[in-house]
Amino acid sequence: LMIIKASKRLRKFFNNELTDEQIWQEIIEEKKLHNIHQLRRLNQEAARILIKCEKRMELLSLGITEFPLEVAQEISKYKGEKLLLNCVTSMSLDAAKAIAKYKGTKLMLNGIKEISIPLLGRLASYRGSIFLDNIEILEIKKKDLRRAQLVFNNLEFSNLSFGRLKKVSLHLLQVLARFA
């Protein structure tokens with residue numbers, strides 16, 4: 001019985017007829033955030049308004065999977081302490097560089113499962129804690145070993161968290177051994 005009641009409440013909570021564009025209009029024109037939990041994409045203008053209205057950006061972790069450069073540039077200006085982007089599954093090198101400018105203390109990117117050394121390098125300028133707890137693949141090839149060492153040296157002041165690596169290469173162990 002309780003499951004049925006919860007299911008009815010959730011159906012009211014989600015309106016399947018709303019598009020991302022309609023939700024953007026609610027944010028931009030009316031400053032309403034009622035439906036941001038349903039967003040899958042965000043545009044630059046809606047992101048600009050959202051960071052001024054939303055006190056807890058963790059709501060973005062519910063559905064935003066696409067993270068284009070323009071949106072990353074706007075979201076990086078958010079003044080809150082933590083930025084949870086846990087549904088973002090990938091981002092470009094430029095978007096990573098833009099989001100690394102965020103000034104809060106915690107940047108959570110737990111939706112990313114595979115990361116490259118170049119992408120991690122772009123995130124390395126961020127000076128808070130970066131959470132990548134669902135990274136399953138962080139491959140370091142022999143030719144990238146020097147670059148990986150530089151990236152991890154830049155991450156020295158960050159608290160970097162990897163929680164689910166499936167395979168740890170010898171090269172990754174070599175890089176990480178310098179911090180033990």
Side-chain angles (χ1 to χ4, degrees), residues 27 33 36-37 39-140 144-166 168 171-180:
I27 295 168
L33 306 181
I36 64 173
H37 59 278
L39 282 172
R40 289 170 301 283
R41 295 176 299 120
L42 193 58
N43 73 5
Q44 184 177 12
E45 189 177 1
R48 187 178 308 120
I49 302 297
L50 184 61
I51 65 169
K52 292 176 184 172
C53 297
E54 178 53 44
K55 305 287 189 255
R56 299 171 301 122
M57 290 303 280
E58 62 199 58
L59 291 176
L60 280 179
S61 71
L62 293 176
I64 302 294
T65 56
E66 296 179 23
F67 206 61
L69 173 60
E70 314 80 53
V71 172
Q73 289 169 330
E74 291 300 327
I75 295 294
S76 71
K77 298 172 188 171
Y78 177 60
K79 302 287 186 206
E81 184 178 320
K82 56 185 170 178
L83 186 56
L84 286 75
L85 300 169
N86 290 326
C87 282
V88 172
T89 55
S90 66
M91 66 176 65
S92 70
L93 294 175
D94 291 335
K97 184 177 180 180
I99 204 64
K101 293 178 182 175
Y102 169 61
K103 301 289 187 209
T105 60
K106 292 181 183 173
L107 176 58
M108 301 183 102
L109 297 166
N110 291 325
I112 297 175
K113 293 186 183 220
E114 184 174 345
I115 195 163
S116 66
I117 290 301
L119 183 65
L120 194 55
R122 296 291 171 97
L123 291 170
S125 63
Y126 177 67
R127 289 297 163 218
S129 298
I130 301 173
F131 293 86
L132 295 162
D133 289 338
N134 286 316
I135 294 292
E136 295 174 356
I137 300 169
L138 172 57
E139 188 64 37
I140 300 176
D144 295 330
L145 191 56
R146 179 75 178 125
R147 167 96 193 240
Q149 289 170 337
L150 291 172
V151 166
F152 277 86
N153 282 340
N154 286 335
L155 287 167
E156 188 172 3
F157 298 108
S158 293
N159 175 14
L160 185 61
S161 170
F162 295 116
R164 297 184 186 250
L165 279 178
K166 286 186 173 180
V168 180
H171 300 301
L172 178 58
L173 290 173
Q174 289 172 330
V175 170
L176 293 176
R178 303 181 99 207
F179 300 98

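Nothing here was measured: the structure is a model prediction, and the numbers come from that model.
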Report task. Could you give me the CA-CA distance, side-chain angles and deciding distance for I135 and N110, then say whether side chain to side chain contact (heavy atoms under 4.5 Å, CB included) is met? Result -> CA-CA 7 Å; I135 294 292; N110 291 325; over 6 Å; no

Requested in this report: For side chain to side chain contact (heavy atoms under 4.5 Å, CB included), just list the numbers for L176 and V168, CA-CA rounded to whole Å, side-chain angles, deciding distance to a tenth of an Å, and then say yes or no.
Outcome: CA-CA 11 Å; L176 293 176; V168 180; 5.6 Å; no

Requested in this report: Would you indicate whether the side-chain heavy atoms of L145 and V175 approach each other to under 4.5 Å?
Outcome: yes

Report summary line: Interatomic distance, OG@S92 vs NZ@K97, rounded to 0.5 Å, equals 11.5 Å

Query raised in the report: Has the side chain of Y126 got a donor or acceptor atom that lies under 3.5 Å from a matching backbone atom of K106?
Result: yes

Requested in this report: Mind checking side-chain hydrogen bond (donor to acceptor under 3.5 Å, both in side chains) for Q174 and listing every partner two or more places apart, or none if nothing turns up?
Outcome: H171

Query raised in the report: So which heavy atom on A100 is nearest to which on R122, and how close?
Result: CB-O, 3.5 Å

Query raised in the report: Between atom OG1 of T89 and atom CD1 of I64, what is the distance when rounded to the nearest 0.5 Å?
Result: 11.5 Å

Query raised in the report: Where is the tightest heavy-atom contact between S90 and I112, given as atom of each residue plus distance?
Result: N-CG1, 4.3 Å

Query raised in the report: Is it true that a side-chain atom of N43 and a backbone atom of A46 form a donor plus acceptor pair closer than 3.5 Å?
Result: yes

Report task. Apply side chain to side chain contact (heavy atoms under 4.5 Å, CB included) to the pair L123 and V151, showing each step before the final yes or no. Result -> CA-CA 9 Å; L123 291 170; V151 166; over 6 Å; no

Report task. Measure the shortest side-chain to side-chain distance between L165 and L172 over non-hydrogen atoms and say whether it is less than 4.5 angstrom. Result -> yes

Requested in this report: Kindly give the heavy-atom pair with the smallest separation between Q73 and A98, and that separation in Å.
Outcome: CG-CB, 3.8 Å

**Report entry** I117 side chain reached by L138 side chain, heavy atoms, under 4.5 Å
**Finding:** yes

Query raised in the report: Got a donor-acceptor contact below 3.5 angstrom from the N86 side chain to the G111 backbone?
Result: no

Query raised in the report: Do L50 and C53 have side chains that get closer than 4.5 Å, going by heavy atoms?
Result: no

Query - Contact check, side chains of K77 and I51, non-hydrogen atoms, under 4.5 Å - result: yes

Query raised in the report: Which of these, L132, L84, L83, sits in a side-chain contact (heavy atoms from CB on, under 4.5 Å) with M108?
Result: L84

Query raised in the report: Does the N134 side chain pair with the main chain of K113, one donor and one acceptor, at a distance under 3.5 Å?
Result: no

Requested in this report: Using a strict cut-off of less than 4.0 Å between a Lys/Arg side-chain nitrogen and an Asp/Glu carboxylate oxygen, indicate whether E136 and K166 qualify as a salt bridge.
Outcome: yes

Query raised in the report: Testing K101, K52, R48 for salt bridge (charged side-chain N to carboxylate O under 4.0 Å, His left out) with E74, which one passes?
Result: R48

Report task. State, with a plain yes or no, whether a side-chain heavy atom of F131 is found less than 4.5 Å away from one of L85. Result -> no

Query raised in the report: Would a 4.5 Å heavy-atom cut-off, applied to side chains only, mark Y78 and I99 as touching?
Result: no

Requested in this report: Give, for atom OG of S116 and atom CD1 of I137, the distance between the pair rounded to the nearest 0.5 Å.
Outcome: 12.0 Å

Requested in this report: Please check if the side chain of Y102 supplies one atom and the backbone of G80 the other of a donor-acceptor pair under 3.5 Å.
Outcome: yes

Query raised in the report: Is a side-chain donor or acceptor of T105 paired with a backbone partner of G128 at a separation under 3.5 angstrom?
Result: no

Query raised in the report: Is there a donor-acceptor pair closer than 3.5 Å between any side-chain N or O of D94 and the backbone N or O of L69?
Result: no

Query raised in the report: Hey, are the side chains of L107 and L109 touching, using non-hydrogen atoms and a 4.5 Å cut-off?
Result: yes

